[in-house]
Amino acid sequence: MPLNATLASVTQRIAERSRPYRTAYLERLEAARRKGAQRGALACTNLAHGFAAFPANDKLKLKEDKAPSLAIVSAYNDMLSAHQPFERFPQIIKDAAREAGAVAQFAGGSPAMCDGVTQGQAGMELSLFSRDAIAMATAIALSHNMFDAALYLGVCDKIVPGLLIGALHFGHLPAVFVPAGPMTSGMSNSDKVKIRQLYTAGKIGRAELLEAESKSYHGAGTCTFYGTANSNQMLMEAMGLHLPGAAFITPNTPLRDALTAAAAKQAAKITDLGTQYTPVGRMIDEKSIVNAIVALHATGGSTNHTLHLVAIAKAAGIVIDWDDFDRLSAVVPLITKIYPNGTADVNHFHAAGGTGFVLRELIDAGLMHDDVTTILGQGLRQHCKEPMLAAEGENGRPGIVTWHDAPAQSGDEGVLGTVAKPFAVDGGLKLLQGNLGRAVIKISAVKPEHRVVEAPAVVFHSQEAFMAAFKAGQLDRDFVAVITFQGPRANGMPELHALTPALGILQDKGRHVALVTDGRMSGASGKVPAAIHVTPEVLGGGPLGRVRDGDIIRLDAEAGTLEAKVDATEWAARSQDSSDLSGNQHGMGRELFSLFRNAVGTAEEGGATFGLPPIFEKEKVTV
């Protein structure tokens, strides 16, 4: 199948817009490259510090400057279920590296916070900025210049984007991403939603809610719904940064361990000491970024990636915007139904055919670039595979993994469709524009009859104020909730999922409701239409700050419009709303992130505290 014309056009647009920045980025990579062992550039004192505590045999390899040195950068902590499995990975990686004639060192750790724990709490205001903190932590880990490649251990929301941004700033080094896998399936997603709505309606108590949540989130591994964490994993597969099919193998299983060992051996193969040198900064190019956007659309992935992919691309000298997402969404069909746009979880998706099936469908339909470089070499089609355990390991060591073609047919057509028979003809992620600014909306889980809402605005400055009005019975009517001062400059752009059950209850009662905000809703965005990431944000002078209670707001996800139906003269004469944000500046460490709030760019620019590297500033980018 020839390459889809829109895919080709969008890729060309990105390449032309990015050319001066991408060229400068690649020049920096070449300047940082050192043929042979990177540590060979260090003075003897530097090098002695770098391996002082290492075992004698490994120390000898590092002295000789002949064996690859692999960095392990891990987001391990044992509070978060998704990252707890990483506790065992460094030893597996070190042992596998030795078998491959290499040496692996734990270079450094990065923070990893969970949006599920901080949801609706003050700590959530650090969430988006934690991505950039993770990128900086990654840079610190690699700054010793001891390493020839790196393995990155991360799964969740901001963690994988932060690790990848950091990796791209050391783009002369090869990078292999190592997932931990999802927890086994617990309570069904449909039952979980019902319990949450019953609690929000006051029909059950906290004890019943906690019992249900504990049955949903019950063990080691990633949450099994298709939110940002699992979208991250799909995108790593689409960009060829994982070993094929590695994303959704459950933790603490023989196959998971075998994949971790194989990842270490692959990292050792692609350093500059051998013949398969694959620096991540060259590997992730315009085509790779487009493939990631396509995978996001085809699987109904997280809206958070309209921020994260922009920031990731910038780190590689590539400039994308929401028009690129919108144009691709129009031609990429939705071929999965995973919660929240279905009832199945990622374990069901994997069993039905998984990532290899999706990639093959898209490549065969001309909707993905096959001619890209991955950690396996040339061609994404190499990743249209699924891993299997060929042999059990002996004496507690990992076994041997092999790969087979992904299934020819979907194992469950209710979960995994095809391009010929999709669940929707488009990707369900749309750009909205109008006199309220630019926003994105995810409609893959929104029924057609709810995709256009025209109703009076009710303005709130916080999700707490909204919930107070809901609990007081003041919102049992048609309305558009306008939640302002939720952008990155105002309070760090927290997710607003506390609103979802309440809005869902009102919609189920037949009310026409929608949400418009300069905040986030992320990958668990559900059945209520939500125009999110409104840009510019209110604190940056965005027109959403002119909305007043009673203004008629029209959100039209079909036509792609978002507007306040207010007389143009009156609209132009209105002043910006104001809010006391002093309560968002301190507590839970928020005072430490004042520099981030003051430096952050817009949502469409990735919500990043660093934009294009300084070398690119000679020619500003207008997004």
Side-chain angles (χ1 to χ4, degrees), residues 1-4 7 11 96 100 149-152 160 164 167 173-179 181 232-249 255-256 258-271 274-296 298-299 316 335 349-350 352-390 399-410 416 418-419:
M1 181 74 71
L3 200 63
N4 178 275
L7 183 84
T11 306
L151 295 111
Y152 298 92
V160 166
L164 183 49
L173 299 179
V176 177
F177 276 66
V178 185
N232 283 340
Q233 303 311 301
M234 184 69 226
L235 268 54
M236 293 305 99
E237 301 260 341
M239 289 193 279
L241 285 161
H242 279 175
L243 288 177
F248 302 124
I249 305 298
L255 181 53
R256 176 84 275 158
L259 282 163
T260 300
K265 293 177 180 179
Q266 187 63 28
K269 281 183 184 178
I270 60 177
T271 72
T275 60
Q276 301 179 46
Y277 177 51
T278 311
V280 68
R282 289 192 177 275
M283 193 183 114
I284 301 302
D285 61 8
E286 297 89 344
K287 292 179 179 179
S288 297
I289 294 294
V290 167
N291 282 350
I293 298 173
V294 168
L296 185 75
T299 57
I335 61 173
F349 162 70
H350 179 75
T355 58
F357 185 98
V358 168
L359 297 181
R360 188 188 61 224
E361 276 292 308
L362 295 169
I363 292 170
D364 286 350
L367 289 169
M368 264 191 174
H369 296 284
D370 180 32
D371 58 335
V372 294
T373 304
T374 80
I375 62 170
L376 297 182
Q378 191 63 27
L380 186 61
R381 194 173 291 276
Q382 296 180 87
H383 292 255
C384 302
K385 308 275 187 179
E386 62 178 12
M388 294 184 181
L389 196 65
I400 304 298
V401 62
T402 58
W403 281 268
H404 303 270
D405 289 341
Q409 304 294 326
S410 168
L416 183 56
T418 63
V419 172

With a 4.5 Å heavy-atom cut-off, do [X] and [Y] have their side chains touching?
X	Y	result
Val401	Met388	no
Val358	Glu237	no
Thr260	Leu151	no
Ile289	Ile284	yes
Pro387	Ile249	yes
Cys384	Glu361	no
Leu376	His383	yes
Lys269	Pro174	no

Once side-chain hydrogen bond (donor to acceptor under 3.5 Å, both in side chains) is applied, do any residues pair with Asn291, and if so which ones, sequence neighbours excluded?
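side-chain hydrogen bond (donor to acceptor under 3.5 Å, both in side chains) list for Asn291, sorted by chain: empty.
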Let me confirm one number: the [atom1]-[atom2] distance from [X] to [Y], rounded to the nearest 0.5 Å.
X	Y	atom1	atom2	result
Ile363	Asp370	CD1	CG	4.5 Å
Ile400	Leu389	CD1	CG	8.5 Å
Thr374	Gln266	OG1	CD	8.0 Å
Phe357	Leu362	CZ	CG	10.0 Å
Leu235	Leu164	CG	CG	10.0 Å
Gln233	His242	CD	NE2	4.5 Å

Closest approach of [X] and [Y], non-hydrogen atoms and distance?
X	Y	result
Ala96	Ala261	CB-O, 3.5 Å
Gln382	Gly377	NE2-C, 3.8 Å
Pro179	Ala246	CG-O, 3.5 Å
Ala365	Val419	CB-CG1, 3.8 Å

Assign the ring pair Phe349 / Phe248 to parallel, tilted or perpendicular, where the plane angle (0 to 90°) is split at 30° and 60°.
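Phe349 vs Phe248 ring planes: perpendicular.
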Would you say Ser288's side chain and Met283's backbone share a donor-acceptor pair under 3.5 angstrom?
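Between the backbone of Met283 and the side chain of Ser288 there is a qualifying donor-acceptor contact (under 3.5 Å).
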Closer than 3.5 angstrom, by distance alone: can the side chain of Thr278 be matched with the main-chain N or O of Ile270 as a donor-acceptor pair?
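No.
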Of Arg360, Met368, Lys287, which is the lone residue that meets side chain to side chain contact (heavy atoms under 4.5 Å, CB included) with Leu380?
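Of all the options given, the one that passes is Met368.
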Is there a side chain to side chain contact (heavy atoms under 4.5 Å, CB included) between Ile375 and Phe177 once you walk through the steps?
CA-CA 10 Å; Ile375 62 170; Phe177 276 66; over 6 Å; no
Quick one: do Arg381 and Asp364 make a salt bridge, cutoff under 4.0 Å?
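A salt bridge links Arg381 with Asp364.
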